[in-house]
Participant: 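The structure's right below; bear with me while I get my questions together.
For this chain, numbers begin at 1 and follow the sequence in order.
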Amino acid sequence: MIGLKGKVAVITGGSQGIGKAVVHKLSSLGCHCMIWDIDEGKAKETMKELSANPGNIEFYKTDVAQLSQVESATEKTIMQFGTVDILINNAGITRDATLKKMTIEHWHKVIEVNLNGVFYCTRSIIPIMMDKEYGRILNASSVVGIYGNFGQSNYAATKAAVIALTKVWSRELGKYKITVNAIAPGFIETDILSTIPEKVMDMMKSKSPLNRLGSVEEVASLYAYLASEESGFISGSVFSIDGGVTL
C-alpha cells in the first residue's frame, strides 16, 4: 500500500475486534500505530501479538468520552511519534433496547462514546494535520446508521450522526488536504458473536447474497486503502461493507 510506511496512525478502540484488525493491517504495512483504548489488558495483548510487525505499536489508556483524557492522549502521541497522519475513530459501544425500555443512562452513554468521542478525538488532532496540510480521518459508522435497526435507537442515531460529521468535516478540512471518510460495516464476524446462537448466526448470514458474514480483515483492508496516499481524491464518502445485505 503506497504511503503507509512510516506514517503515524491513532486507532481508538484498537485493542479488539475491527480496531485490532486495523492495527494489525496498518502496522504490517509499516505504519506506526498508537492505540487509544480503555482496556489496558487487551491492548497489551494486542501489542505483544503484533510485535513482529514492522510498524511500531504503542498504547495510551484513553476514555474517548472524556475530553481531558483525549487531550492528554494527543500530547502523549506527539511526544512518542512527533505527529499524527491518520485518525481512525473506531471506538464504540452498544446498549440496546427498544425505545420504551431504553434508559436515559444508556442513551447518554452511547452518545458520549460513539458521538462525543469522535468529535473530541478529531477536534484534538486536526490542528496537527492542518499545520502540515496532510491527513486521513476515518470514522466508523454502520449500516444501521443508514437504514436503522430495531432496538438500537441510541446506536443508530450516533452512527447516522457520524456520517453527517464526515460530510461536514470533508468540506471544512479539504483545503488543508485532509480527507474524511466513513466506513459502514454490516454483519462482521467478531469475538462478540461467539455467544450468539447458531440459528441467529444463520439468519444473519442469510441476509447477505454472499450467505456469509464479513471478516474483520476485509474491513481492515478497506481502512488501509482509505488511510493511504492512494486514496487522496476520496473524501466525504460513506463506504458500506456489508456483503450486499442492504440491496
Participant: Could you report the tightest heavy-atom contact between Gly214 and Arg212, atom names first, then the distance?
Facilitator: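 In terms of heavy atoms, the two residues are closest at CA-NH1, 3.9 Å.
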
Participant: Verify the distance criterion only: is there a donor paired with an acceptor across the side chains of Thr74 and Ser124 at less than 3.5 Å?
Facilitator: yes

Participant: Identify whether the distance between the nearest side-chain nitrogen and carboxylate oxygen of Lys207 and Asp242 falls below 4.0 Å.
Facilitator: no

Participant: With rounding to the nearest 0.5 angstrom, report the OG to OH distance, Ser68 to Tyr120.
Facilitator: 9.5 Å

Participant: Determine whether the side chains of Glu218 and Ser215 contain a donor N or O and an acceptor N or O closer than 3.5 Å.
Facilitator: yes

Participant: Out of Glu45, Glu49, Glu217, which one pairs with Lys20 under the salt bridge (Lys or Arg N to Asp or Glu O under 4.0 Å) rule?
Facilitator: Glu49

Participant: Salt bridge check, Glu40 against Lys44: does any charged N sit closer than 4.0 Å to a carboxylate O?
Facilitator: yes

Participant: Does NZ or CZ of Lys7 come closer than 6.0 Å to the centre of the six-membered ring of Tyr134, within 45° of the ring's axis?
Facilitator: yes

Participant: Counting neighbours of CD1 on Ile93 that are heavy atoms of other residues, nucleotides or ligands and sit closer than 6.0 Å, is the number greater than 12?
Facilitator: yes

Participant: Tell me whether Asn90 contacts the main-chain N or O of Ala140 through its side chain, where contact means a donor paired with an acceptor under 3.5 Å.
Facilitator: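 No; judged by distance alone, with no hydrogens or angles, the pair does not exist.
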
Participant: Would His24 and Asn53 count as having a side-chain donor-acceptor pair, cut-off 3.5 Å?
Facilitator: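 Per modelled atom types, His24 and Asn53 side chains form a pair under 3.5 Å.
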
Participant: Between Thr179 and Ser235, what is the shortest heavy-atom contact and its length?
Facilitator: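 Of all heavy-atom pairs spanning Thr179 and Ser235, the closest is CA-OG, 3.5 Å.
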
Participant: Check whether any side-chain heavy atom of Ile86 lies under 4.5 Å from a side-chain heavy atom of Val10, and answer yes or no.
Facilitator: no

Participant: Any side-chain to backbone donor/acceptor pair from Thr94 onto Asp96? Under 3.5 Å, distance only.
Facilitator: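 Looks like no, no N/O pair under 3.5 Å.
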
Participant: Can you name the one residue among Asn89, Thr12, Thr77 that meets side chain to side chain donor-acceptor pair (under 3.5 Å) with Trp36?
Facilitator: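 Of Asn89, Thr12, Thr77, side chain to side chain donor-acceptor pair (under 3.5 Å) with Trp36 is met by Thr77 alone.
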
Participant: Calculate, to the nearest 0.5 Å, the distance between atoms CG and OH belonging to Asp37 and Tyr60 respectively.
Facilitator: 14.0 Å

Participant: Strictly below 4.0 Å, N to O, side chains only: are Lys76 and Glu58 in salt-bridge contact?
Facilitator: no

Participant: Do you see a donor-acceptor pair shorter than 3.5 Å between the side chains of Asp63 and Gln69?
Facilitator: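 Looking only at side-chain atoms, Gln69 and Asp63 do not form any donor-acceptor pair under 3.5 Å.
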
Participant: Let me check something: do Ile241 and Val180 share a hydrophobic cluster, defined by ILVMFWY side-chain heavy atoms less than 4.5 Å apart, either directly or through other members?
Facilitator: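 No; tracing contacts between hydrophobic side chains, which count when under 4.5 Å, never links both residues.
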
